[in-house]
Amino acid sequence: MEIYQTNQLRIYNSLSKSKEDFTPIVPGKVGMYVCGPTVYSNVHLGNVRTFLSFDLIYRYLKHLGYKVRYVRNITDAGHLENDADEGEDRIAKKARLEEIEPMEVVQRYTVDFHQVLQRMNFLPPSIEPTATGHIVEQVEIVKAIIAKGLAYVVNGSVYFDVIKYNKEEAYGELSGRDIEAAVHQTRSLDGQSEKKNPQDFALWKKADDRHIMRWPSPWSDGFPGWHLECTAMSTKYLGETFDIHGGGMDLKFPHHECEIAQSKAYKGVEPVRYWMHANMLILNGQKMAKSTGNYILPNELFSGENQLLGRGFSPSTVRFFILQAHYRSVLDFTGPGLEASEKGYVKLMEAFSKIDSIASGDKDTLDIKRWKQQCYAAMNDDFNSPVLIAQLFEAVKYINLLLDQQATLTAATLADFTSTLTVFVLDVLGLQDERKDKRSDTLSGVVDILIDLRNEARDNKDWALSDKIRDQLATLGVQLKDGKEGTTFSLQ
RNA sequence: GGCGUCGUGGCCGAGUGGCUAGGCUGGGCUCUGCAAAAGCUCCUACAGCGGUUCGAAUCCGCUCGACGCCUCCA
């Protein structure tokens, strides 16, 4: 019996704009596709927020017992900086600026992306396909769409005929756009365009002479349109209709709208059951974006080498900060907000690390069953991590009461409490106890000696000496805590 | 201009038609040689104006404001 059989997950579907009961196409299995990064520069914190949202979703689906195939692509084929027919692609531009090969750009920033995600304890996806590795599949889709009469060739480039498609299907169903109105509003501003209508988008672009990344096709040596790769890779690995498609809110239009159109033109079926969109991370009141320079890089955040914050914050702290907001809410990134999260996070992990030293009693004075249900209820309600975290702080209160022997749990209940808390802290939220890395046996032994010496001094009422030991250790970041059961310490 | 999201206490951030999320900060108390930690406790908000309702922060309308998309962006 898997957990999902007793937990009805509800997911907000961007397509229906409402929360729906989640039922996978194949019982017990989930196919999930998430639009990955274009690897032309360092991954920034806003990108991380989106991927973290889906890491949480992936983790919880797995915890529920689903067999999940999670596909997250790497966009390593450059796409044009704008929709004009002329233009340089981002990766090629970066290669020219840094005087390296386009594939060196791709490699450099793919490695950066993976390093950042690993530091923040992301689970790797099941498949991480690249756009350039699926050119053949993309060409096949273009052929099929042309054969259906929904795309046309101009000077070696292929464009999707949005107007024609819209006669049978609803272009704009995801983003709530009325394409007919848009067509009438738009005057043809530049007569240079090869496109029949400004709303049409490229499936294949003929490469000009300076375009280095190019592949042969029936129409020209060129490169695929941006939206095509996701259709090719999602269809290949997850089938023509799959369960969940995710990405950032800013990809809703045009990217995801075009994906729907391509898939329907290609296979004739609705490609995705549940569309999920993570909201933006805001910095200085504006969206974080590479193109505007308003962003902060994760590594700068960890090291403290940035202009916004005076010091660094650990990867887990950043992870915790982001998870304290719901994935569909705009999250405001601020220094004070991070500091508040850090304190809360330390408090949570401090309590969590002490759970093993709780002794069981002969009766339950806390309602652990109800607490556990509320943890699940939070996550079942569209992955509400802030509410889950609120429940975890409830658990912190329980732990302290138990340690203080103001509450008791039977051995069986205590075991259930411990395993549930462990699952949610480590497996679902993906938090790590970073303090353990810093605490070595040697350090513990040395501090224990000092605690003994201090206790001797205290017995002799030599407060000057005992306070000196305590204060000097505090200066080094070792905080002594005098409790009923003796003195313990924690690292700051 | 069009489409969409949203305006919650000192700050960050959940949320439901009636039963005070949570974290951080600040005040008080307990414990303690003192402190810290821990526990208890206080500060009870929902942009504004109308409407629906026995009752709305939660539903509807309007106003004001913020943000996102409409050209590449997670």
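Both backbone and side-chain heavy atoms feed into the values below; hydrogens, waters and symmetry mates do not. Just so it is clear: chains get the letters A, B, ... in the order the sequence lines come, proteins before strands, and each one is counted from 1. This is a predicted model, so every value here is computed, not measured.
Every residue two or more places apart in sequence or in another chain that forms a side-chain contact (heavy atoms from CB on, under 4.5 Å) with A/S466 is listed here: A/R454, A/A457, A/R458, A/W463. Shown here are the side chain to side chain donor-acceptor pair (under 3.5 Å) partners of A/K287, two or more places apart in sequence or in another chain: A/D250. For A/S18, the side-chain contact (heavy atoms from CB on, under 4.5 Å) partners at least two apart in sequence or on another chain are A/S16, A/E20.
Using a 4.0 Å heavy-atom criterion, one finds that A/L281 contacts the bases of the nucleic acid, with or without backbone contacts as well. Within 4.0 Å of A/A289, counting heavy atoms only, lies at least one base atom of the nucleic acid. If you check every strand for non-hydrogen atoms under 4.0 Å, A/H44 touches a base. Counting non-hydrogen atoms under 4.0 angstrom, A/P336 reaches nothing in the nucleic acid. Using a 4.0 Å heavy-atom cutoff across all strands shown, A/G337 reaches no nucleic acid atom at all. Within the nucleic acid shown, A/K343 comes within 4.0 Å of sugar-phosphate atoms alone, with no base atom in reach, counting heavy atoms only. Note on A/G172: nothing from the nucleic acid sits closer than 4.0 angstrom, heavy atoms only.
The CG-C1' distance, from A/L331 to B/G68, rounds to 15 Å in whole Å. Note: CD1 (A/I74) to P (B/A74) measures 11 Å, nearest angstrom. Between the C1' atom of B/A74 and the CD1 atom of A/I282 lies a distance of 12 Å, rounded to the nearest Å. When rounded to the nearest whole Å, the span between CD of A/E259 and C1' of B/A74 equals 14 Å. The interatomic distance linking A/M280 (CE) with B/A74 (P) rounds to 9 Å, in whole Å. Whole-Å rounding puts the A/Q391 CD to B/A14 P distance at 16 Å. The OH atom of A/Y345 sits 15 Å away from the C1' atom of B/G23 (whole-angstrom rounding). Per the geometry, CG belonging to A/N47 stands 17 Å off P belonging to B/C72, to the nearest Å.
Between A/Y327 and A/K287, it is A/Y327 whose nearest contact on RNA chain B lies nearer the 5' terminus. Positionally, the nearest nucleotide of RNA chain B for A/G176 lies more toward the 5' end than for the other of A/G176 and A/E394.
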Identify all side-chain donor-acceptor contacts of residues 332-340 of chain A below 3.5 Å with residues at least two apart in sequence or on another chain.
residue	atom	partner	partner atom	Å
A/T334	OG1	A/G337	N	3.1

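Note on ring orientation: taking the six-membered ring where Trp is involved, the planes of A/F417 and A/Y398 are tilted (angle from 30° to 60°). In this pair, A/H44 and A/Y295 present their aromatic rings tilted. The plane angle is within the 30 to 60° band. Ring-plane geometry between A/Y70 and A/Y58 is classed as tilted, the angle between the planes lying from 30 to 60 degrees on a 0 to 90 degree scale. Ring geometry, A/Y60 versus A/F383: the interplanar angle exceeds 60°, so the pair is classed perpendicular (tilted spans 30 to 60°).
Neither OP1 nor OP2 of B/G13 sits under 4.0 Å from any side-chain N or O of A/S329. For B/A66, the OP1/OP2 oxygens have no side-chain nitrogen or oxygen of A/Q286 closer than 4.0 Å.
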How would nucleotides 33-41 of chain B be written as a contact map, 5' to 3', with B for base contact, S for sugar-phosphate-only contact and - for no contact, using protein heavy atoms under 4.0 Å? BBBBSSSS-
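Between B/G15 and B/U8, the distance separating the two P atoms is 14 Å to the nearest Å. Distance check on atom C1': B/U63 versus B/U25 gives 34 Å, rounded to whole Å. Only the C1' atoms considered, B/G7 is 13 Å distant from B/G13, to the nearest whole Å. For B/C59 and B/G27, the C1' atoms lie 39 Å apart once the distance is rounded to whole Å. Between B/G61 and B/C24, the two C1' atoms lie 38 Å apart (nearest whole Å). Rounded to whole Å, the separation between the P atoms of B/A56 and B/C46 comes to 14 Å. Taking atom C1' in both B/A57 and B/U20, the straight-line distance is 13 Å, to the nearest Å. Here, B/C43 and B/A35 have their C1' atoms 26 Å apart, quoted to the whole Å.
Of the listed nucleotides (B/A74, B/A21, B/U5), B/U5 has the atom at the smallest distance from the side chain of A/N279. Of the candidate nucleotides B/A21, B/G4, B/A74, B/G4 has the atom nearest to the side chain of A/K17.
For the ring pair (Phe, Tyr, Trp, His ring centres under 6.0 Å) with A/H245, the qualifying choice from A/W275, A/Y274, A/F54 is A/W275, the only one to do so.
Shown here is A/K206, whose NZ atom has no more than 12 heavy atoms of other residues, nucleotides or ligands within 6.0 Å.
A/D381 places none of its side-chain heavy atoms less than 4.5 Å from the side chain of A/V387.
The cationic group of A/R470 does not satisfy the cation-pi geometry with A/F489, failing either the under 6.0 Å distance to the six-membered ring centre or the 45° limit from the ring axis.
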Under a cut-off of 3.5 Å for both distances of each Watson-Crick or G-U pair, what dot-bracket string does RNA chain B give, using [ ] for crossing pairs and | for inter-strand pairs? (((((((..(((.....[...))).(((((.......)))))....(((((..]....))))))))))))....
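With hydrogens and angles left out, the side chain of A/R177 and the base of B/C3 share no donor-acceptor pair within 3.5 Å.
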